[in-house]
Amino acid sequence: MPNIFSQFQKEDECRKMLEASRWENGKPHCPFCGNEKYYVIEGGKRYKCANNKCYKKYSATTGTIFENSKLPLSLWFTAMHIITAHKKGISSCQLARDLGVEQKTAWFMNHRIREALKEKNSPLLDGTIEADETYMGRKYRADYKGLQPEEIDHKLSSKIKNKGAVLGLADRKNGTIRVKVFESNKTEFVVDAVRKNVSQGSVLHTDGSELYNSVEDEYFREKVIHSKKEWVKESMIVDKVHVNNVENFWGVMKRGVYGIYHQISFKHLERYADEFSYRYNSRKISDKERFNLTLERVNGRLTYNTLTGKNEISPEK
Ligand SMILES: [Zn+2]
């Protein structure tokens with residue numbers, strides 16, 4: 001851990017890193033009116049727009065997940081590095097210990113950073129796509145500790161409340177996954193998500209679920225029937241038919257969520273799904289490259305109120 005801390009020790013250097021990542025050649029421009037002329041204020045920490053109709057003050061953190069935070073960027077960067085490098089995710093208790101902050105603060109940072117990991121403006125997938133769904137998002141109980149994800153699923157399966165359906169779409173060609181979260185596994189949700197994410201005419205590999213029957217005219221669907229102990233079979237046209245990549249991903253995500261987070265409410269399920277898919281999709285690059293990639297995605301902030309549904313101040317106040 002010490003090398004991570006020394007890497008992001010100097011606040012000035014962190015700010016320069018963020019400026020270089022956000023602005024072309026690191027040259028500031030006003031996020032409110034787009035003007036490229038500015039005055040340097042507060043010893044270079046902030047800028048003031050030189051457009052006399054605007055004159056707004058801003059910094060590299062304006063409009064990012066770091067906006068209005070009293071915490072130093074060095075701490076944020078360290079947290080980003082820790083969160084994205086951990087294969088199975090990290091609890092806010094552990095993050096609090098690693099960073100030397102209160103658990104509540106770590107929880108908030110954890111959620112804001114996950115917001116940056118969210119997939120935005122994703123192009124349609126094509127080629128061979130595996131589609132498979134699962135259920136998550138209910139309270140994990142202490143007596144489930146040590147059980148395999150499948151066993152926990154089984155114990156939870158009788159309860160419907162606060163359960164979310166999760167759809168995984170694995171791109172066979174790129175080895176990546178895209179995850180979508182719904183309140184329930186209603187056909188319309190699943191079908192809509194498939195249409196919005198997979199281009200028509202693609203090959204769709206699924207299990208025997210009836211959820212995909214209504215898109216059979218739009219995709220070349222091939223299925224493996226798990227109830228008939230069918231897991232991999234020869235395709236009629238291309239590749240082997242299976243949904244093993246999505247199922248492997250569910251294993252990693254559930255072990256992470258059940259084992260590390262202990263509890264997960266439906267409200268936060270989507271963000272966890274984004275975190276796990278982000279890490280999975282960047283598994284072949286180094287921690288350093290992943291950090292830089294994450295830094296490019298910090299635009300768009302999540303307020304404490306959005307997270308908690310309260311109209312109260314954020315914890316770092
Ligand atoms: Zn301006």
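In this text, all values refer to a predicted model and were calculated from it rather than measured experimentally. We count ligands from 1, going down the list as the structure has it; atoms in each ligand are counted the same way. Heads up: numbering here begins at 1 and tracks the sequence.
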Over 60° means perpendicular and under 30° means parallel, so tell me whether [X] and [Y] are parallel, tilted or perpendicular.
| X | Y | value |
| --- | --- | --- |
| W23 | H29 | tilted |
| Y39 | Y55 | tilted |
| F291 | H81 | tilted |

E133 side-chain N/O to L167 backbone N/O, donor-acceptor pair under 3.5 Å: no

Side chains of E67 and I65 in contact at under 4.5 Å (non-hydrogen atoms): no

Residue and atom, protein N/O/S, under 2.8 Å of the Zn ion (ligand 1): C30 SG, C33 SG, C49 SG, C54 SG

E210: partners by salt bridge (charged side-chain N to carboxylate O under 4.0 Å, His left out), with sequence neighbours left out: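 Expected list: none.
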
